[in-house]
Amino acid sequence: MAPPQVGSASICESPTYASRRHCRVQPVPHVLAGLEPRSAPGAGFLFVSSGEVYGRAFLTGRPLTEAAVPDPQGPYARSKWFGETILRDLLAKAEVRLVILRPFNQIGAGQDERFVVPSFAGQIARIEAGLVAPVLAVGNLAAERDFLPVGDVVRAYVDLIGRGLDIADGSVFNVASGRPRSIASVVDDLRRHARVPFEVRVAPDRMRPSEIPVAAGDATRLTEATGWTPKADWDAALADVLEHARATLGRSAR
C-alpha cells in the first residue's frame with residue numbers, strides 16, 4: 001500500500017465570503033494534482049474535514065455519530081463538506097482509498113485568537129500585564145462545545161494512519177470527546193489560572209445570531225477502530241494556552 005496522503009483545505013484571511021470560499025476550496029484540486037502522479041490503486045488519502053459540517057443537525061442536542069446527515073452552515077463548514085464530496089468522486093475514479101476525519105473544537109498553544117479559548121487567554125494575558133482594563137469580553141456563555149487538546153487530535157490521526165488497509169475505503173470518523181463544555185465553564189477554568197481577578201462582560205459584537213446551543217460528537221467508531229480515547233489533561237491544556245499567550249505578549253513588548 002502506498003503511504004497515506006493527508007489533505008486539508010486551508011483557511012485564508014479575507015473580508016469577503018466569495019474570496020474566503022475560493023481560498024478554502026482551491027487547495028483540494030491542488031492536493032489531488034500532487035497526489036495523482038504518485039498514486040496507485042489502493043493508495044490511501046486521509047482528509048481532515050470538520051465536525052462543523054453537521055451544522056443544524058446539532059439541534060438534536062445530543063452528541064452526533066457519523067450517521068447524522070450533514071447540514072453545514074457558513075462558508076467554512078460548507079467548504080469542508082464540499083471537500084468531502086468532491087474527494088469521494090475524484091478519488092474513487094483514481095482507485096485511491098479515502099478516509100475522512102471530522103475533528104471537533106481543538107485547543108493548543110499557538111492557536112489564533114479568532115478561536116474562543118486563545119481569545120480569552122490573550123485577553124487575560126493583557127489584563128495581567130496591565131495593558132487593558134480587567135474586563136474579559138465574551139459572547140454567548142451558554143453555548144456548549146466539544147473541545148479536545150490538540151495532542152489528542154494528532155494522536156487520532158496517527159492511530160488511523162497506522163491502521164492503513166484495516167480502515168475501509170470511505171470511512172468517516174469523528175474526533176471528539178463526547179463531552180460538551182459550556183463557554184461559561186471554560187471561562188471559570190481559565191479564571192483559576194489567572195494571576196489577577198477580572199470581570200466578565202458580554203460584548204454584542206461577539207454574539208452570533210444563529211448560534212447552535214450544543215455541538216458535540218460521538219467518537220465511538222474511532223475508538224472501536226483504533227482504541228483511541230481522549231487522554232490529555234484539559235486543565236493542563238488550558239494552562240499551556242494561557243502561558244503561551246503570556247509569552248507571546250512578553251516577546252511583543254521587547
Side-chain angles (χ1 to χ4, degrees), residues 1-12 14 17-58 63-106 146 148 150 152-176 215 217-228:
M1 175 185 176
Q5 304 290 321
V6 181
S8 175
S10 63
I11 306 170
C12 300
S14 174
Y17 174 91
S19 53
R20 290 173 69 187
R21 178 179 57 184
H22 172 75
C23 190
R24 289 172 178 137
V25 171
Q26 188 183 39
V28 173
H30 287 310
V31 170
L32 289 175
L35 173 66
E36 186 175 2
R38 300 192 303 274
S39 66
F45 189 98
L46 188 74
F47 179 65
V48 180
S49 181
S50 170
E52 290 196 31
V53 299
Y54 294 115
R56 291 182 60 81
F58 285 124
L64 297 181
T65 69
E66 296 84 355
V69 178
D71 186 6
Q73 306 295 303
Y76 175 73
R78 290 190 182 107
S79 74
K80 288 295 191 180
W81 179 236
F82 174 83
E84 291 188 24
T85 304
I86 193 171
L87 285 170
R88 288 183 192 279
D89 292 340
L90 296 179
L91 292 182
K93 295 175 183 177
E95 299 183 26
V96 174
R97 297 168 55 255
L98 172 65
V99 176
I100 295 170
L101 288 175
R102 292 175 180 165
F104 282 62
N105 301 67
Q106 305 167 51
D146 191 328
L148 274 177
V150 68
D152 276 335
V153 179
V154 171
R155 188 162 48 81
Y157 298 174
V158 172
D159 287 352
L160 279 169
I161 291 172
R163 292 301 184 275
L165 287 171
D166 294 337
I167 305 300
D169 181 28
S171 294
V172 179
F173 295 95
N174 290 337
V175 184
D218 182 330
T220 299
R221 179 183 290 180
L222 176 62
T223 299
E224 292 176 347
T226 68
W228 177 92

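All values below come from the heavy atoms of this structure, side chains included, with hydrogens, waters and symmetry mates left out. Because the structure is predicted, anything quoted here is derived from the model rather than measured.
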Nearest heavy atoms of [X] and [Y], plus distance in Å:
X      : Y      : result
Ser49  : Glu84  : OG-OE2, 2.6 Å
Asp71  : Ala57  : CB-N, 4.3 Å
Gln106 : Val150 : OE1-CG2, 3.9 Å
Asp146 : Ala176 : OD2-CB, 3.3 Å

Taking only residues two or more places apart in sequence or in another chain, which ones pass ring pair (Phe, Tyr, Trp, His ring centres under 6.0 Å) with Tyr54?
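Per chain and number, Tyr54 pairs via ring pair (Phe, Tyr, Trp, His ring centres under 6.0 Å) with Phe58.
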Check: [Y] and [X] side chains under 4.5 Å, non-hydrogen atoms:
X      : Y      : result
Leu46  : Leu101 : yes
Pro70  : Arg102 : yes
Pro103 : Leu148 : no
Trp228 : Leu160 : no
Val96  : Leu87  : no

If you look only at distance, which donor and acceptor atoms sit under 3.5 Å apart when one is on a side chain in residues 161-172 and the other is two or more places apart or in another chain?
from   : atom 1 : to     : atom 2 : distance (Å)
Arg163 : NH2    : Thr226 : O      : 2.7
Asp169 : OD1    : Leu98  : N      : 2.7
Ser171 : OG     : Ala168 : O      : 2.7

Between the side chain of Asp159 and the main-chain N/O of Gly227, is any donor-acceptor distance below 3.5 Å?
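No; judged by distance alone, with no hydrogens or angles, the pair does not exist.
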Arg56, CZ atom: more than 12 neighbouring heavy atoms under 6.0 Å:
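Incorrect, the count does not exceed 12.
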CD1 of Ile100 to OG of Ser50: how many Å apart, nearest 0.5 Å?
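It comes to 12.5 Å.
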